[in-house]
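As the structure lists them, so they are numbered: ligands from 1, and atoms in each ligand from 1. Remember, predicted model here, so these are calculated numbers, not experimental data. Count residues from 1 along the sequence.
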Amino acid sequence: MTVGEWLLGEGLVSIAESTLASGGGKILVIHDVSAAHRMKAELERNQRLAAMGEMAASLAHQLRTPLAAALLYSANLGQAGVADEARARFSEKASGQLRRLERLIQDVLLFARGESIGRDLMLAGDLLQEAAQTVEPLMREHGIEFVTVDGCNEAKIVGSHKALFGALVNLLENAMQATPAGGKICLTGKKSGDLLALGVRDTGPGVELGKQTRIFDPFFTTKGQGTGLGLAIALGVARAHGGSIELFSVPGEGAEFVMILPLGAVESES
Ligand code: ADP
């Protein structure tokens, strides 16, 4: 049985103990695990650097298109002899691309900050109602039936209210964008044991099996104006609260995203 690992000078040793069959004593086995530990740290660092490189490359790629378009439109604006009507159109298009850039940068910042969580104490039911109230008028406008089922049972969460609210609204907005008029979206909150499940179920087209894991990747989007960061941010927020997001979807029959948050440790602190 391993007893533990200790720092010894510059190195790290692991100590394992086993009781002698004769019952008379114990054997302690001391291993120098410094090299293995160094290799593990180096591997983790390389993985972090690779992830950062990938993120930077995708980000540069995502920024380049709207930036190039905005540059073209603004160059057109400066040309002599452009009619007022065309000038107004170019200006609107340039602003549209710049707004897209702004949204992208805001999302990237949110994504980067995903790790730090606040210490707000909130009732899960309140969070559910606030998110519902925010999206209700939009659902009505899109002709989607919207139902909230609150089974949170006074469950409390400690964390970032702003980040959790943003993540939940994002799941609802995605559901709304995927659901055609006449469809239905259901927001549920359920406390079971020491877990809280916040679910968003829609009757949209669902997610193809091959895309079910990819949709959580930063910058994966199937929408013309999407940033592909919404789910990556929501998952980052859930993870920063010790939870996760699960997707249940039968393609063609809708999708359900469930944010699962642990309550145990959180409630005992409150
Ligand atoms: P964005 O909304 O900018 O595309 P997200 O990370 O929020 O970024 O979503 C990534 C992709 O996941 C979407 O482009 C869409 O293809 C898919 N997706 C998300 N939510 C749903 C849903 N409720 N139903 C079907 N597909 C979805």
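The CG atom of Leu187 lies 8.5 Å from the CG atom of Asp150; values are rounded to the nearest 0.5 Å. Going from atom CG of Leu235 over to atom CD of Glu246 covers 10.0 Å, rounded to the nearest 0.5 Å.
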Do any side-chain atoms of residues 175-182 form donor-acceptor pairs under 3.5 angstrom with protein atoms, and if so which ones, sequence neighbours left out?
| unit_1 | atom_1 | unit_2 | atom_2 | d |
| --- | --- | --- | --- | --- |
| Gln177 | OE1 | Lys223 | NZ | 2.6 |
| Thr179 | OG1 | Ala175 | O | 2.6 |

Give one line per pair: atom of ligand 1, protein atom, distance. Only N/O to N/O under 3.5 Å.
| unit_1 | atom_1 | unit_2 | atom_2 | d |
| --- | --- | --- | --- | --- |
| ligand 1 | 2 (O) | Asn174 | OD1 | 3.2 |
| ligand 1 | 2 (O) | Lys223 | NZ | 2.7 |
| ligand 1 | 3 (O) | Thr227 | N | 2.9 |
| ligand 1 | 3 (O) | Gly228 | N | 2.9 |
| ligand 1 | 4 (O) | Thr221 | OG1 | 2.6 |
| ligand 1 | 6 (O) | Gly230 | N | 3.4 |
| ligand 1 | 6 (O) | Leu231 | N | 2.8 |
| ligand 1 | 7 (O) | Asn174 | OD1 | 3.4 |
| ligand 1 | 7 (O) | Asn174 | ND2 | 2.8 |
| ligand 1 | 7 (O) | Leu231 | N | 3.3 |
| ligand 1 | 8 (O) | Gly228 | N | 3.4 |
| ligand 1 | 14 (O) | Thr221 | OG1 | 3.4 |
| ligand 1 | 14 (O) | Thr222 | N | 2.9 |
| ligand 1 | 14 (O) | Thr222 | OG1 | 3.2 |
| ligand 1 | 16 (O) | Thr222 | OG1 | 2.4 |
| ligand 1 | 23 (N) | Asp202 | OD2 | 2.9 |

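Applying the 6.0 Å contact sphere to CD of Glu17 captures more than 12 heavy atoms from other residues, nucleotides or ligands. Around the CZ atom of Arg201, the shell of radius 6.0 Å holds no more than 12 heavy atoms that belong to other residues, nucleotides or ligands. Within 6.0 Å of the CZ atom in Arg87, the count of heavy atoms belonging to other residues, nucleotides or ligands exceeds 12.
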